[in-house]
Protein chains: 2
Amino acid sequence: MTAVLVVDDDPHLLRALRITLRAHGYEVTVAEDGQSALLATARTPPALVILDLGLPDMDGTAVLAKLRGWSQVPVLVLSARHGSEDKVQALDAGADDYITKPFGLDELLARLRALLRRRADPDHEPVVATDAFTVDLGKHRVTRDGEDVRLTPTEWKMLEVLVRNPEKLITQQQLLSEVWGPAYAKETNYLRVYMAQLRRKLEPDTATPRHLLTEAGIGYRFQP
Amino acid sequence: MTAVLVVDDDPHLLRALRITLRAHGYEVTVAEDGQSALLATARTPPALVILDLGLPDMDGTAVLAKLRGWSQVPVLVLSARHGSEDKVQALDAGADDYITKPFGLDELLARLRALLRRRADPDHEPVVATDAFTVDLGKHRVTRDGEDVRLTPTEWKMLEVLVRNPEKLITQQQLLSEVWGPAYAKETNYLRVYMAQLRRKLEPDTATPRHLLTEAGIGYRFQP
DNA sequence: GGGCACGTTAAGGCAACGTCAAGGTCGTCC
DNA sequence: GGACGACCTTGACGTTGCCTTAACGTGCCC
């Protein structure tokens, strides 16, 4: 889950942000002044910081400057001040974005996504692991006992479809059209051949597969 | 010098931007419609794109979507529309920032700096090492047994793409887009020729490469 | 016991890969 | 201005590896 640190001392805004962000799947931590914000960032680095410039203990820009001494974490600045000098100052101090109050929550969320996209693009893909092998969807890689498993393009495509839908039953038609194209819906031969390949490469005991399961007459299922 | 591509069809704004940006040390190129913007980005990739949403030939968001099919270049969107839906739409389409007209030039410049700052500064670029050779991304330099390895520009670009994504599988299309441009997605010949060059210069045993690996039918992978 | 669906294996053809070398283009140096 | 060198492009060739296809074995159910 994506961790976001919200630095603000306005209880109402804080509450609204916390609820909204949580509702959109972010993990939210909170700091109400500059000192604790810096501390929190150092101890458990968040993926992004939302920083209000109006803090009780120190100037927001100063927080930013200190932060930038050792952290590259993306920072989105909130401020009540519309003046362009303030914006310039904050952005040059190291802010990645600047948004003025009052703001729409959907715009805030969109800007947040834009900032996070830059950072966490490739690694956002999950790594699915079983007790026998590991599938890294981002790196496009399969490991077994620490060793790389060589898969052919077709083997990989088929495994990918199954792994992206863990525990879910994938029909033969689904698999065939995803891997070979919709025209191949009758070639169930392919499935048997390639499923055998995958099992030989990935299952400890081919005779009794534990992760690549057959649902006779219907399709296949991946069990993590 | 930092190259900025400005995409806008308003002559006055274009002129103002060109003058201001040049005065601040940027190299400015201009496109007046979506088509030529995409072409320009492909041919001579700028460090940043300033994109006006109101273009004569196609919707700005469509330009953005096409661009994001093959380029990661930071994009700052200009728009006359203040509605939060427009902002959300553009940001989610891949924009990195969104600023509404009229805007202060100093704010624009500040946001521009903020976006460009993210572009890795050479001092913090990683040095990637294998047991056979070392790649210094900041210094733009490759060493092997303490000796400098001479790489041609194309060889370097290709190696850079791979090294920046260690262990990750890079598809042939990705590599071709990044190095030769998106129009060359079919020229897999190039990949074979240049991969052979790189291996000859970097791999101890060309016949059994240990760091520049082929994934037959898909792409290549750098293994540190 | 026959039919059906699935698992397994092996062989053939062909596309993809690695390799080499011959133009072609551009800039540089004499 | 011409010769040279560096680099990119393009084509050809042998080899590897993948996809396809078919044949056979096994377990299950009617």
Side-chain angles (χ1 to χ4, degrees), chain A residues 140 142 148-160 162 169-181 183-222, chain B residues 43-44 140 142 148-162 169-181 183-221:
Chain A
H140 202 288
V142 182
D148 267 26
V149 180
R150 283 184 54 86
L151 294 186
T152 70
T154 309
E155 286 164 8
W156 168 263
K157 269 194 247 170
M158 191 161 149
L159 180 63
E160 188 179 11
L162 291 166
L169 173 64
I170 310 293
T171 68
Q172 299 178 341
Q173 279 64 33
Q174 272 181 281
L175 259 180
L176 285 165
S177 49
E178 292 268 359
V179 179
W180 282 270
Y184 289 71
K186 293 288 178 189
E187 301 285 341
T188 57
N189 238 334
Y190 290 176
L191 296 183
R192 288 201 292 282
V193 171
Y194 277 92
M195 186 54 68
Q197 303 253 31
L198 279 179
R199 287 193 180 128
R200 186 148 45 84
K201 291 184 178 180
L202 299 178
E203 288 279 2
D205 180 12
T206 314
T208 60
R210 285 187 303 176
H211 306 107
L212 299 171
L213 310 179
T214 303
E215 302 276 337
I218 313 178
Y220 295 89
R221 181 197 308 274
F222 168 69
Chain B
R43 289 190 53 180
T44 55
H140 209 280
V142 182
D148 268 24
V149 180
R150 279 186 55 85
L151 294 185
T152 71
T154 308
E155 286 164 9
W156 169 262
K157 267 196 246 171
M158 191 161 148
L159 181 63
E160 186 179 10
V161 174
L162 290 166
L169 174 68
I170 311 293
T171 67
Q172 300 176 341
Q173 278 64 33
Q174 275 180 282
L175 260 180
L176 287 166
S177 290
E178 296 269 356
V179 179
W180 283 270
Y184 290 72
K186 293 286 176 190
E187 300 286 340
T188 58
N189 245 335
Y190 291 177
L191 296 182
R192 289 201 292 281
V193 172
Y194 278 89
M195 185 55 67
Q197 304 255 29
L198 280 179
R199 287 198 179 123
R200 189 149 40 82
K201 292 185 178 179
L202 299 178
E203 288 278 1
D205 180 11
T206 313
T208 60
R210 284 187 304 175
H211 306 107
L212 298 172
L213 309 179
T214 302
E215 301 273 339
I218 314 179
Y220 295 88
R221 184 198 305 275

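Keep in mind it's a predicted model, so treat the numbers as computed, not measured. Atoms considered below: every heavy atom in the structure, side chains included; atoms not considered: hydrogens, waters and symmetry mates. Each chain gets a letter, A, B and so on, in the order the sequences are listed, and its residues count up from 1.
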**Request:** Taking side chain to side chain donor-acceptor pair (under 3.5 Å) as the test, write out the residues that go with B:T171, two or more places apart.
**Result:** B:Q174
**Message:** Once side chain to side chain donor-acceptor pair (under 3.5 Å) is applied, do any residues pair with A:R150, and if so which ones, sequence neighbours excluded?
**Reply:** none
**Message:** For DNA chain C, which residues of residues 191-198 of chain A approach it to below 4.0 angstrom with any heavy atom?
**Reply:** A:R192, A:V193, A:A196
**Request:** Ignoring backbone atoms, test whether B:T206 places a side-chain nitrogen or oxygen under 4.0 Å from the OP1 or OP2 oxygen of C:dG18.
**Result:** no
**Asked** Whole-Å distance between C:dG18 P and B:L213 CG?
**Response** 11 Å
**Complete:** note: A:Y184, atom OH; D:dC19, atom P; distance rounded to Å ~ 12 Å
**Message:** Does C:dG7 have OP1 or OP2 under 4.0 Å away from a side-chain N or O of A:Y220?
**Reply:** yes
**Message:** Looking at A:E203 and A:L212, would you say the former's side chain and the latter's main chain have a donor-acceptor pair under 3.5 Å?
**Reply:** yes
**Rounded distance in Å - CD (A:Q172) to P (C:dC4)** = 16 Å
**Prompt:** What residues form a salt bridge (charged side-chain N to carboxylate O under 4.0 Å, His left out) with A:E155, not counting sequence neighbours?
**Reply:** A:K201
**Request:** Could you pick out which residue, A:E187 or B:L151, lies toward the 5' side of DNA chain D when each is mapped onto its nearest nucleotide?
**Result:** B:L151
**Asked** Looking only at side-chain N and O atoms, does A:W180 come under 4.0 Å of OP1 or OP2 in D:dT20?
**Response** yes
**Message:** Strictly by salt bridge (Lys or Arg N to Asp or Glu O under 4.0 Å), give each pair with a member in residues 204-218 of chain A just once, sequence neighbours left out.
**Reply:** A:D131-A:R210, A:E215-A:R221
**Message:** Measure CG/A:N189 against C1'/D:dT20 and give the value in whole Å, please.
**Reply:** 10 Å
**Message:** Tell me the interatomic distance from B:E155, atom CD, to D:dC7, atom P, rounded to whole angstroms.
**Reply:** 8 Å
**Asked** Who are the ring pair (Phe, Tyr, Trp, His ring centres under 6.0 Å) partners of A:Y190, not counting sequence neighbours?
**Response** A:W180
**Message:** Rounded to whole Å, please give me the gap between CZ in B:R199 and P in C:dC17.
**Reply:** 11 Å
**Fill in**
From CE of B:M158 across to P of D:dC8 the rounded distance in Å is 12 Å
**Message:** Side chain of B:Y190 only, heavy atoms from C-beta on: which candidate in C:dG18, D:dT10, D:dC19 is closest?
**Reply:** D:dT10
**Prompt:** For B:Y220, which residues count as a ring pair (Phe, Tyr, Trp, His ring centres under 6.0 Å) partner, sequence neighbours excluded?
**Reply:** none
**Request:** Specify the closest pair of heavy atoms between A:T206 and A:P209, including all atoms of both residues, with the distance to one decimal.
**Result:** O-CD, 3.6 Å
Can you pull every protein N or O that's under 3.5 Å from an N or O on nucleotides 15-17 of chain D?
none

**Request:** Measure the distance from CG on B:L176 to P on C:dC17 and round it to the nearest whole Å.
**Result:** 11 Å
**Request:** Mind checking side chain to side chain donor-acceptor pair (under 3.5 Å) for B:T214 and listing every partner two or more places apart, or none if nothing turns up?
**Result:** B:R199
**Request:** Tell me, please, which residues at least two apart from A:Q197 pass side chain to side chain donor-acceptor pair (under 3.5 Å).
**Result:** A:R200
**Asked** Mind checking what makes salt bridge (charged side-chain N to carboxylate O under 4.0 Å, His left out) contact with A:E160, not counting sequence neighbours?
**Response** A:R164
**Asked** Does A:T188 or B:I218 map to a spot on DNA chain C nearer the 5' end, using the closest nucleotide for each?
**Response** A:T188
**Request:** Indicate whether OP1 or OP2 belonging to C:dG7 is found under 4.0 Å from a side-chain N or O atom of A:T214.
**Result:** yes
**Asked** Do you know which two heavy atoms are closest between A:I218 and A:L169, and how far apart they sit?
**Response** CG2-CD2, 3.6 Å
**Request:** Describe, as an angle rounded to 10 degrees, how the axis at the first end of the helix from C:dG1-D:dC30 to C:dC30-D:dG1 is tilted relative to the axis at the last end, five pairs per end.
**Result:** 20°
